[in-house]
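Notes follow once the structure below has been shown.
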Amino acid sequence: MARNSADSSPVPVDLPLEKRLAAAVERYSEAGVIERALSLIAGNNEGEDFLLFVGGEHAQGILDGAPVLYWPELWGARALLYVWDASAAPVVIDTLTNPAWRVREMGARVAAARELPAASELADLLTDRVPRVRVAAARALGAVGSLEDVDRIRPLLKDTEIDVRRGAQQGLDTLRTRFPKN
């Protein structure tokens, strides 16, 4: 467990993410965690302890001098899978155009989980250069899109990457479940 200079209680870095975020909510409040997560997505520094809450043991590497890269943004977005307020929706939708593919991928996952109105932005990701982003976009579009999106997802069934083809099928199956034929 890592120590926090502002609060003498340890950050439970060894716990699973869901439990770490529950502990963060106890320390900062739900609104406080959301505010800090959004701040990380914006590229701000929210302090060592919060980084440890959202990044766990991996965040220690950054604190020890490893390159920051996109990790805090990714962890901020991922936290929104567990702690949520609708006011975060515009920021999550903005992550779909982030230069870091891992952040775009996580943004698509959050958009699906939170059923955000981001069908157009997700459709744009169906042609992303990174297969994992295409997979996340197809699945998310299945969760939030409309029947019109079937034609957008269908070309991915012939993608060169098998995982993309699987993700496209999952997205199509989800759309068909959401909009059964009468």
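Index from 1, following the sequence.
- The side chain to side chain donor-acceptor pair (under 3.5 Å) check on R154 picks up D151, with sequence neighbours excluded.
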For this session: Run the numbers on V33 and F53 for side-chain contact (heavy atoms from CB on, under 4.5 Å), then give the verdict.
Result: CA-CA 10 Å; V33 168; F53 274 114; over 6 Å; no
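- Residue R109 qualifies as open at atom CZ: its count of foreign heavy atoms under 6.0 Å is 12 or below.
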For this session: Check step by step if side chain to side chain donor-acceptor pair (under 3.5 Å) holds for R27 and S9.
Result: CA-CA 10 Å; R27 183 172 292 182; S9 62; 2.5 Å; yes
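- I41 places none of its side-chain heavy atoms less than 4.5 Å from the side chain of D94.
- Applying the side-chain hydrogen bond (donor to acceptor under 3.5 Å, both in side chains) definition to pairs two or more places apart or across chains, those involving residues 131-150 are E105-R132, R134-D159, R139-Q170, D149-R152.
- Partners of D163 by side chain to side chain donor-acceptor pair (under 3.5 Å), not counting sequence neighbours, listed by chain and number: R166.
- Contact of the N98 side chain with the E73 side chain is registered, since non-hydrogen atoms from C-beta on lie closer than 4.5 Å.
- With contacts defined as side-chain heavy-atom distances shorter than 4.5 Å, the pair P72/I62 qualifies.
- Across A108 and A137, no two heavy atoms sit closer than the pair CB-N, 4.2 Å.
- Listed by chain and residue number, D173 satisfy the side chain to side chain donor-acceptor pair (under 3.5 Å) test with Q169 (two or more places apart in sequence, or in another chain).
- Listed here is the closest heavy atom pair of G55 and R20: C-NH2, 3.8 Å.
- The shortest heavy-atom contact between T160 and R165 is O-NH1, 3.3 Å.
- The shortest side-chain heavy-atom distance between V11 and F50 does not fall under the 4.5 Å cut-off.
- With R114 contributing its side chain and L80 its backbone, the two residues share a donor-acceptor pair below 3.5 Å.
- Applying the side-chain hydrogen bond (donor to acceptor under 3.5 Å, both in side chains) rule to pairs touching residues 62-71 yields Q60-D64, Y70-R102, sequence neighbours excluded.
- Across W84 and I34, no two heavy atoms sit closer than the pair C-CD1, 3.4 Å.
- Looking at heavy atoms from C-beta onward, L17 lies in side-chain contact with R78 at the 4.5 angstrom threshold.
- V144 belongs to a hydrophobic cluster with L96, W101, L122, L125, L126, V130, V133, V135, L141, L147, V150, I153, L156, L157, V164, L172, L175, F179, counting contacts under 4.5 Å between side-chain heavy atoms of Ile, Leu, Val, Met, Phe, Trp and Tyr, direct or through other members.
- In this structure, the side chains of H58 and W75 come closer than 4.5 Å at one or more pairs of heavy atoms.
- Between R104 and the choices D124, D128, T95, the side-chain hydrogen bond (donor to acceptor under 3.5 Å, both in side chains) rule is met once, by D128.
- When all heavy atoms of G145 and R178 are compared, the closest pair comes out as O-NH1, 2.9 Å.
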